[in-house]
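To start, the structure itself, in structure tokens.
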Amino acid sequence: MNIIKSIKQNRIYINYSCMWPYIKPVWFRALLSMLICIPIGSLDAVIALALKPYMDLVMVEKSIASPWYIPLGIVAFTSIQGGLKYMSSYLSTWVGGKITNGLKYDMFKKLLTLPASFFDKKNSGDVVFQFNNQADIACGGLLDNLSVFVQRIFSSVSLVCVLFYNSWQLALIAVVVLGCAFAPVAKIQKRIKSVMEKTVFADASIITEYNEVFAGNKTIASYNLQKTETDKFKNILKSIFTLRIKMVQKTQWLSPMMHVIVSVGIAAAIGYGSHLIITNQITSGNFVSFITALILLYTPVKNIGNNLNAVQFSFFSIEKIFKVLNSISEIRDCNNPLILNGSYKEIWFKNVNFEYIKNMPVLKNINLGIKKGETVAFVGNSGGGKTTVVNLLPRFYDVTSGSIEIDGIDIRNYTLESLRQNIAVVFQDNFLFSGSIKENIALGNPDAKDEQINEAVKMAYLDDFINSLEHGLDTQIGERGILLSGGQKQRVAIARAFLKDAPIIILDEATSALDNKAEAVVQKAIDNLMRDKTVFVIAHRLSTIQNANKIVVINEGKIAEIGTHEELLKIKNGAYKTLYEMQFKKQEAPAYN
């Protein structure tokens with residue numbers, strides 16, 4: 001009761017109604033696991049109780065008719081207890097695994113609904129630890145230790161009964177001492193919560209470091225960063241070590257203190273018990289049975305600190321898990337949303353303002369109309385807000401003020417699924433999943449037939465490359481498509497977009513990272529992709545957008561100029577003309593050997 005009370009006092013409180021959906025499918029086995037703990041704990045009293053007649057008849061009276069059944073009974077009961085412990089352990093692990101998997105599944109589903117802003121603020125270690133490891137800590141530790149507590153509760157009850165059976169006077173001493181031993185438990189809860197939070201962050205940083213070394217191994221090698229990374233890792237380990245030591249300092253004093261308190265109780269029982277034997281108030285058998293029960297009662301109490309730490313971590317993790325699961329995503333469907341189909345007429349950006357960080361505007365009063373089938377290109381200085389504009393259309397982020405409308409309806413009034421189904425994005429660095437080329441292309445339309453996939457491959461100018469491979473479309477490309485070149489990855493992404501066949505295309509500097517030869521092939525594939533589509537292009541090379549219906553120059557979050565290529569070149573000292581002339585001069589500059 002002290003443990004439960006102190007947990008509530010420190011606000012480590014679990015909403016059991018939230019946990020019930022995960023427990024409900026396995027409630028019977030969970031209950032059975034706990035019920036089995038009752039006889040496991042209660043059978044601890046058998047040995048202590050059996051020692052009284054054995055001591056009195058054999059050791060004291062030297063009776064020839066010794067109770068032979070007592071040793072056999074102890075073995076039998078201990079065997080039963082061992083079997084029940086196995087069943088309890090098996091059921092706890094089974095139930096814990098099922099609940100853990102349920103939590104992980106829902107956490108993963110939640111992760112997929114979180115907006116881009118969440119990932120902007122988190123590193124990979126935080127995500128892995130928060131959405132995976134915490135579920136293991138929450139359920140595994142909690143059920144195991146809950147089983148231990150149930151066993152010890154009923155063990156304590158049965159052993160206390162043995163104590164009172166043998167001597168009520170000595171039993172009172174034992175119970176008072178037991179109460180004193182539990183008194184310090186309440187103080188631990190307040191001392192460890194802050195350390196637990198810091199430990200979680202430290203553990204997450206280790207995962208992040210491993211991920212960074214994996215993803216950045218070539219950078220580390222090329223810049224000889226081995227010592228830098230090892231020093232960084234060493235500091236993380238040092239931080240975790242310091243936190244572990246702090247946890248020991250804040251909690252492990254409990255066990256030695258309980259050892260002292262328990263030893264006082266045993267000493268008092270021996271002292272007063274000797275008096276009771278001498279005065280014939282109890283027999284030697286009573287005394288031996290009592291001391292055995294007392295030691296069996298006190299032994300687990302002395303080690304309760306370790307179980308308490310594990311339970312605290314479990315409650316802390318469950319609290320964090322449901323804080324995430326119960327959170328409301330910033331980017332979500334409104335009430336009664338509409339379904340967007342491809343038969344729209346125009347898209348409008350109306351007085352759009354946006355900021356990643358409060359009071360630090362990135363876009364300022366953007367007004368822009370795009371008719372269906374038009375190609376609009378965004379150019380400007382780096383960091384001016386070009387990418388941010390197109391990221392608002394599929395609602396990777398929501399506008400801070402103003403609106404983006406399709407046929408006069410705010411895109412926030414459409415379902416996210418239907419909005420994004422109508423938009424295909426080709427990024428500068430497209431993410432490819434581990435697996436085959438075919439599997440990555442088919443993500444554009446999981447129901448596509450082989451004929452459709454082959455057509456997408458052809459339109460993306462991938463067919464010659466695919467034909468040169470031994471396994472063709474079934475060729476494995478490694479994690480993040482590491483076995484493909486930059487141009488090949490871009491064409492796989494373009495084929496994926498072809499297969500999606502969305503009416504709106506976003507090209508986010510899709511050729512800027514490629515060499516001239518690769519760019520020429522990718523540009524042909526892009527030209528095929530753009531046919532009869534509404535296209536938003538973020539351009540680095542201005543030569544690729546000269547045929548755009550609109551070119552929008554964005555500088556410092558504002559629209560500086562809008563027009564066609566020819567119109568913008570006629571503006572004296574215009575922003576676009578300046579950019580074009582600078583780039584033209586770079587292209588004309590002689591190459592140096």
Side-chain angles (χ1 to χ4, degrees), residues 3-4 7 12-44 77-111 128-158 192 196 199-200 203-204 206-207 244 247 251 296 299-322 324-325:
I3 295 173
I4 296 173
I7 286 172
I12 303 179
Y13 176 74
I14 306 304
N15 188 338
Y16 292 100
S17 63
C18 290
M19 282 295 291
W20 176 244
Y22 303 95
I23 298 172
K24 184 178 179 181
V26 296
W27 73 268
F28 179 75
R29 294 197 186 198
L31 179 62
L32 186 60
S33 174
M34 294 299 105
L35 291 176
I36 289 174
C37 292
I38 296 174
I40 292 174
S42 301
L43 286 171
D44 283 340
F77 280 114
T78 304
S79 299
I80 293 171
Q81 189 180 44
L84 292 173
K85 281 185 177 181
Y86 171 80
M87 291 177 61
S88 176
S89 177
Y90 174 84
L91 289 171
S92 294
T93 302
W94 191 92
V95 170
K98 287 291 186 180
I99 295 175
T100 300
N101 286 346
L103 284 173
K104 285 185 178 181
Y105 178 74
D106 283 353
M107 286 289 281
F108 188 77
K109 285 201 302 182
K110 185 71 175 182
L111 181 65
V128 172
F129 193 91
Q130 186 175 8
F131 286 82
N132 182 74
N133 296 17
Q134 291 223 102
D136 291 318
I137 296 172
C139 297
L142 183 61
L143 282 171
D144 289 342
N145 285 282
L146 184 60
S147 296
V148 171
F149 278 125
V150 172
Q151 290 177 28
R152 289 178 180 173
I153 287 171
F154 284 93
S155 174
S156 299
V157 170
S158 62
I192 66 175
M196 284 194 296
T199 301
V200 166
D203 288 339
I206 272 216
I207 300 172
R244 296 281 190 270
M247 184 65 78
T251 61
L296 289 173
T299 298
V301 170
K302 294 185 292 186
N303 299 315
I304 199 171
N306 295 330
N307 295 109
L308 187 60
N309 288 346
V311 169
Q312 286 296 296
F313 269 107
S314 295
F315 276 85
F316 177 78
S317 295
I318 293 175
E319 183 182 38
K320 292 293 183 183
I321 286 171
F322 281 103
V324 173
L325 289 177

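Heads up: numbering here begins at 1 and tracks the sequence.
Within the 4.5 Å cutoff, the side chain of Phe28 has no heavy atoms near those of the Leu91 side chain. At a threshold of 4.5 Å between non-hydrogen side-chain atoms, the residues Ile206 and Phe129 do not count as touching.
With rounding to the nearest 0.5 angstrom, the CG atom of Leu84 is 12.5 Å from the OG atom of Ser89. Taking CG of Leu103 as the start and CD of Gln134 as the end, the distance is 11.0 Å to the nearest 0.5 Å. Rounded to the nearest 0.5 angstrom, Ile36 CD1 and Arg29 CZ are separated by 11.0 Å. Atoms CD1 and OH, on Ile321 and Tyr22 in that order, are 9.0 Å from each other to the nearest 0.5 Å. Atoms CG and CG, on Leu111 and Asp106 in that order, are 12.5 Å from each other to the nearest 0.5 Å.
Counted within 6.0 Å of NZ on Lys85, heavy atoms from surrounding residues, nucleotides or ligands total 12 or fewer; the atom is thus considered open. With a 6.0 Å radius and a threshold of 12 heavy atoms from other residues, nucleotides or ligands, Lys98 has its NZ atom at or below the threshold.
Scanning both residues, Cys37 and Ser33, for their nearest heavy atoms gives SG-O, 3.3 Å. Looking at every heavy atom in both residues, Met107 comes nearest to Gln130 through CE-O, 3.3 Å.
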